Q: 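For reference, the structure I am asking about is given below.
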Amino acid sequence: MVSITPAKRKEGLTAAEVEASTGMTAVPTATESQRRPPLKKQRTSNLTDQDAAPSSFVEELERLHQQTIPVENPKDVWARAPLPKIDPAKDSIVFQQIDIDDYADQIPDFIDNPYHLGEASILRMYGVTMEGNSVVCHVHGFQNYIYVPAPKDYRPELQDSFIRAMNANITTQRKNQNGSAVVDIDLVMKSSIFGYQPHKVPFLRIYLRLAALMPAAKRLFKEGFHVPGLGRVAIDPTFESNIPFPLRFMIDMKIQGASWVELKAGKYRMRGGSGERRTSTAQLEVDIYCDDVIAHQPEGDWSKIAPLRILSFDIECSGRKGVFPDASIDPVIQIANMVTVQGESRPFVRNVFALKQCANIVGTHLMCFDKEEQLLQAWSKFISAVDPDIIIGYNINGFDFPYLLDRADALHLNDFAFLGRIMGNETKAKDTQFSSKAHGTRNSKAINLEGRLQMDVLQIMQRDHKLRSYTLNAVCAHFLGEQKEDVHHSIISDLQNGNDETRRRLAIYCLKDAYLPQRLIDKLMCVINYMEMARVTGVPFNYLLTRGQQIKVVSQLYRKAKEEDLLIPALEIEGTDEQYEGAIVIEPEKGFYEVPIATLDFTSLYPSIMMAHNLCYSTYVKDLKTAQGMGLVKDKDFKITPNNDIFLNASLRKGLLPTILEDLLAARKRAKNDLKKETDPFKRAVLDGRQLALKVSANSVYGFTGATIGKLPLLAISSSVTAYGREMIEKTKQCVQEKFTVANGYEHDAQVVYGDTDSVMVKFGVSDVASAMKLGTEAAKYVTEQFIRPINLDFEKVYFPYLLINKKRYAGLYWTKPEKHDKMDAKGIETVRRDSCRLVSTVIETCLRKILEDRDTKGAEDYAKGVIADLLQNKIDLSQLVISKALGRSEYTAKQAHNELAERMRKRDAGSAPALGDRVSYIIIKGHKDAAAYEKAEDPIFVLDNNIPIDTKYYLENQLSKPLMRIFEPILGTKANSLLCE
DNA sequence: GAGACTTCCTAA
DNA sequence: TCAGTTAGGAAGTCTC
């Protein structure tokens, strides 16, 4: 039996209760802040009774335990379902592929090998069968290739000479090649996607023996080389020569990311036993020829998801006081693990690997070790035994994995770091950097775990959700409405060095930190949503976390281009800083509107513009002269965009991007329809994830064409899109204001009071919501008729009342039905910004509610005055005053509060100081007169521990006053000033 | 002390 | 070798 201990519960306050009793409640607050307890002082030494008290999490463990089927030995549940007997002659193998990589090796004898290659690139697909067996599949015979336009005098007879010349040059550049670089050349008829080409022209498809030779081949063409019989050959750009090899394979074989593949009986060969040598730890290892892999499109029955095993883990290490743990010194003392089958609600493995004895925990398999080396080795074996498909945790890429690897290294454990599915492949942490305009720069680490997906929940949160803080604590409070029970790192060592009970306490914390990432992933349905994104865009699952937005569009573009014999050039990016004009923002008629304001929106504006006007690389013509040269006639064959760019009409050639967008939007419509009919919650989740992925994908096509630091920028597309958009908004405004007039028999003259990019806000003059809705619907229909299909203006909602503060800043009650408003909506103002302190957002939010919902401006004023009084009397809890900002760069020209603080913190303890990309929290403390804000910023914990006085004047004058004035002024006029003078 | 410039974050 | 877009408010610092 699993060791059962009756939960030893000492009654005590929960952490939240303790916090609540110590915090001050000067601010009656909106929902979000109620979930967040006030900042509490962290104890840094001396264990108290409370430290031995078990947490309420034990109740959760007990619940999980009660659902567990008892087993003799907890390790018995680790292994996967046994592999059924397979007869390769009779049984097909069907699995969901989740990861793919490639390597170079000798091609086995039984594989068809027409070029008699020795060593060649081999693809390796990893996956899981519906029965839950893990699979590694070696795919042979697929050669990487690039295209170049055939040189003018190229003739098929020159092929051997051409290959020899390339080989001579490539092997001289790269020595260690075992065999020649170029395997074969095909002469094919294709055309470039980049600019309209009326005819296909000859291209050379050059097959490379090793995938890794692609950059060398590309470079060779760029630099030029001599071909006997042809002369000097220099070609730039080459085509399709910058795509990752596994993706190339998937595109050509029509395999979508995370989709199902089938290996027919008789077509594959099993490894192990008397067969080929096994190289992986997967249950089933097979070889197959590339053309024999059958790809199933992820639709209908093939939308299902295999019973993937998800391991969530967390480690604790024993640090020294005030110093961040250092793997060369500080031991790993506990590792907690939870293993769940995707789609099931309960982890079937819950265990802790602990250093030194530890009291039992209900429903938890405890493994205690005397030596750290034993602990680490046992955990490594546990990974192989459980054989997880997905490994999750919080900051596992940034901390847990690197720490474990460094620690194993420090202890000279030679057999620890083999955590992937390929035998002999050592797991290492490699520094990586990711930087983009949207997400800034961030350093992280890449961990190779061949065949196992990694989902670092921290990274997922940072990518997908804009939050004020990304600590596990803050994220759980936000999404799960519950707190992680925080153990300050300085007491971890004390707990470890205490007794069985204190170590038990620590283990419970550790377990909960392993459980929470799983809860988050489940709640946000990350696995399903990411899989659907991989399926929709066709990229391998792990690209979604390790790469940017562009690869997803590239994958779709390549797939569509291939169908039409179009080739994609590998442009050298020269990082131009040239910008193009974006969307229009209509000058707002600022003010407080106590009449309904109807909002009309263009649905999927940019995608619909690209579809309506056939904007694409393949329909683009550089200039009029070129168009005339091709005998094209304006209007009949092409149109000139408001940006003065030329694109063909769809009647002459339908663009690829419009086709991709139509497919995406049609697929979304299908998914949404299916969703309406579906009742099974699991299938519903899949469909919902799909429609979301389809929408996001459609919207990112425009951004891709405008990405000047990108794979295939064509600003003619992006700037024409925005130009059309600007024209449309202007026209919409004009249309509405001209049609809805007293002169035309309407009650009032309509007025467009604001509009941004794809929307206009209309005051029809009517005083009730129902009439505004009716007119809004009528206007949307009328305007839509003025545009080309599929452009569509939609009536979406009414704001009433509506407070229009400035461009991109407004608030109002949001109505979609005339009976009752749906919610209060705020855009751009302090309530939705992460860089204002919580005091400001809650005060503004509460004032807005009083003004908009209660229509009680006086109440709002009194409330604001009350808060100001509390602030000046120091009655506001510290947590309300924390300001946070992202540390966006390592060098700043101007001094910045958050950066100056980060630097000071680095001097105190480099390990725990904020890193590039992290959000830095700070409080403005009292300083000498005239001190700049950056001199007065301090770490909230430091302020609390050292009882440093707060600069309340700063919070009043620099944080509260202006936002308050901005919302009160449109209502009270200059009277608003009196608010602050008392 | 005004205004240019830097930085962050949001709207769409 | 990788990295989606522009518009725009607001706060703070720098410069003269």
Side-chain angles (χ1 to χ4, degrees), chain A residues 212 214-215 218 241-244 432-442 446 466 468 543 546-554 570 572-573 575 578-588 599 601-602 604-606 696-697 699-713 715 717-719 721-723 725-726 729 754-759 805-810 825-836 840 883-889 891-900 919-920 924 932-937 954 957-959 961-963 965-966:
Chain A
M214 193 157 78
K218 185 175 161 189
S241 54
N242 57 357
I243 178 131
T432 56
Q433 194 185 56
F434 188 94
S435 76
S436 75
K437 270 187 201 159
H439 293 98
T441 305
R442 192 178 287 282
K466 292 199 176 294
R468 299 180 99 99
Y543 283 25
T546 57
R547 315 261 314 235
Q549 301 296 316
Q550 296 203 34
I551 195 74
K552 297 191 275 186
V553 182
V554 167
E572 295 281 318
I573 48 152
E578 85 180 280
Q579 275 215 319
Y580 63 90
E581 195 179 341
I584 194 170
V585 184
I586 294 174
E587 197 57 45
T599 306
D601 290 52
F602 284 104
S604 302
L605 178 69
Y606 287 179
V696 171
S697 299
N699 285 335
S700 57
V701 172
Y702 152 77
F704 175 79
T705 65
T708 44
I709 303 185
K711 290 244 184 221
L712 204 62
L715 296 194
I717 297 178
S718 35
S719 42
V721 167
T722 55
R726 292 192 298 274
I729 287 295
Y754 179 57
D756 185 349
T757 309
D758 62 353
S759 65
I805 295 167
N806 213 333
K807 282 185 175 175
K808 299 188 188 286
R809 288 181 179 240
Y810 58 84
D825 198 21
K827 290 283 150 76
I829 51 188
E830 286 69 20
T831 52
V832 296
R833 290 187 67 88
R834 297 177 291 172
D835 54 357
S836 61
V840 174
I883 302 167
S884 75
K885 277 195 168 82
L887 194 56
R889 52 198 74 191
E891 302 266 341
Y892 284 86
T893 20
K895 286 207 159 74
Q896 296 280 314
H898 63 300
N899 181 48
E900 295 293 305
R919 296 189 65 80
V920 184
I924 300 295
Y934 63 82
E935 297 173 282
K936 298 191 287 185
Y954 172 89
E957 290 175 359
N958 298 53
Q959 291 274 312
S961 85
K962 282 178 190 149
M965 290 302 289
R966 280 195 292 267

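Below, chains carry the letters A, B, ... as their sequence lines are ordered, and counting in each starts from 1. Computed from a predicted structure; not experimentally measured.
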Q: Among the nucleotides dG4(C), dG9(C), dT6(C), which one has an atom lying closest to any side-chain atom of R809(A)?
A: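 My answer, after comparing the listed nucleotides, is dG9(C).
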
Q: Can you tell me the distance, in whole Å, between the NZ atom of K437(A) and the C1' atom of dA12(B)?
A: 17 Å

Q: Using whole Å, what does the distance between atom P of nucleotide dT6(C) and atom CG of L715(A) come to?
A: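 That distance rounds to 8 Å.
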
Q: Counting side-chain heavy atoms from CB outward, which of dA7(C), dA11(B), dT6(C) is closest to E581(A)?
A: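 Nearest to the side-chain atoms of E581(A), counting from C-beta on, is dA7(C).
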
Q: Is the shortest side-chain heavy-atom distance between Y934(A) and Q896(A) below 4.5 Å?
A: no

Q: Could you please name the option among dA12(B), dG4(C), dA10(C) that lies closest to any side-chain atom of Q550(A)?
A: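 Taking heavy atoms from C-beta onward, the closest nucleotide is dG4(C).
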
Q: Does the side chain of T757(A) reach to within under 4.5 Å of the side chain of F602(A), using non-hydrogen atoms?
A: no

Q: Atom NZ of K711(A) to atom C1' of dT5(C): distance rounded to whole Å?
A: 19 Å

Q: Calculate the interatomic distance between R889(A) atom CZ and dC8(B) atom C1'; express it in whole Å.
A: 9 Å

Q: Check every strand shown and say whether G703(A) touches a base, only sugar-phosphate, or nothing at a heavy-atom separation below 4.0 Å.
A: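 Base: the residue G703(A), judged by heavy atoms under 4.0 Å, touches a nucleobase.
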
Q: On DNA chain C, nearest-nucleotide positions of V585(A) versus G710(A): which is more 5'?
A: G710(A)

Q: Return yes if a side-chain donor-acceptor contact under 3.5 Å exists between S884(A) and R468(A), otherwise no.
A: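 No, because no side-chain N or O of S884(A) sits under 3.5 Å from a partner of the opposite role on R468(A).
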
Q: Taking the side chain as everything from C-beta on, heavy atoms only, tell me whether F434(A) gets closer than 4.5 Å to T441(A).
A: no

Q: To the nearest angstrom, how far is R726(A) atom CZ from dA11(B) atom P?
A: 22 Å

Q: Remember a base hit wins even if backbone is also touched, and classify Y892(A) as base, sugar-phosphate or nothing at under 4.0 Å, heavy atoms.
A: sugar-phosphate

Q: Would you call E830(A) and K962(A) a salt bridge, using N to O less than 4.0 angstrom?
A: no

Q: Write down the distance between CG (L712(A)) and P (dT5(C)), rounded to a whole number of angstrom.
A: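 So the two atoms are 14 Å apart, to the nearest Å.
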
Q: How does protein contact run along nucleotides 11-16 of chain C, one letter per nucleotide 5' to 3', with B for base contact, S for sugar-phosphate only, - for none, heavy atoms under 4.0 Å?
A: SSSS--

Q: Given dG8(C), dA3(C), dT7(B), identify the nucleotide with an atom nearest to the side chain of H898(A).
A: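 Comparing dG8(C), dA3(C), dT7(B) against the side chain of H898(A), the answer is dT7(B).
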
Q: Under 4.0 Å between any heavy atoms, over every strand shown, what does Y810(A) touch: base, sugar-phosphate, or nothing? Just pick one.
A: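 It contacts sugar-phosphate atoms only.
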
Q: Is N806(A) close enough to dA10(C) that one of its side-chain N or O atoms is under 4.0 Å from OP1 or OP2 there?
A: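 So the side chain of N806(A) is within the cut-off, an N or O lying under 4.0 Å from OP1 or OP2 of dA10(C).
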
Q: NA contact type, V832(A), heavy-atom cut-off 4.0 Å: base, sugar-phosphate, or nothing?
A: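 It contacts sugar-phosphate atoms only.
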
Q: Could you give the CG-to-C1' distance, from D835(A) to dA10(C), as a whole number of Å?
A: 9 Å

Q: Mind calculating the distance between CG (L605(A)) and C1' (dA11(B)) to the nearest angstrom?
A: 14 Å

Q: How is R833(A) classified with respect to the nucleic acid when contacts are heavy atoms under 4.0 Å: base, sugar-phosphate, or nothing?
A: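 The residue R833(A) makes base contact.
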
Q: Is the shortest distance from a Lys or Arg side-chain nitrogen in E581(A) or R726(A) to a carboxylate oxygen in the other one below 4.0 Å?
A: yes

Q: Under the rule for salt bridge (Lys or Arg N to Asp or Glu O under 4.0 Å), what residues qualify as partners of K808(A), not counting sequence neighbours?
A: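 Counting only residues at least two positions away or on another chain, K808(A) forms a salt bridge (Lys or Arg N to Asp or Glu O under 4.0 Å) with D756(A).
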
Q: Of all the choices, dA7(C), dC9(B), dA3(C), which nucleotide is nearest to the side chain of R834(A) once you look at every atom?
A: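 When the side chain of R834(A) is considered, dC9(B) is the closest of dA7(C), dC9(B), dA3(C).
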
Q: Quick check: do V553(A) and Y702(A) have side-chain heavy atoms less than 4.5 Å from each other?
A: no

Q: Output all residues satisfying side-chain hydrogen bond (donor to acceptor under 3.5 Å, both in side chains) with E935(A), sequence neighbours left out; order by chain, then residue number.
A: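 E935(A): no side-chain hydrogen bond (donor to acceptor under 3.5 Å, both in side chains) contacts found.
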
Q: Between dA12(B) and dG4(C), how many Å separate the two P atoms, rounded to a whole number?
A: 22 Å

Q: Can you tell me which nucleotide in dG8(C), dG4(C), dA11(B) comes closest to the side chain of K807(A)?
A: dG8(C)

Q: Base, sugar-phosphate alone, or nothing: which one does K466(A) contact when heavy atoms must sit under 4.0 Å apart?
A: sugar-phosphate

Q: Under 4.0 Å: is that the gap between some side-chain N or O of R919(A) and OP1 or OP2 of dC9(B)?
A: yes

Q: Categorize K218(A) for me: base, sugar-phosphate, or nothing, with a 4.0 angstrom heavy-atom threshold over every strand shown.
A: nothing

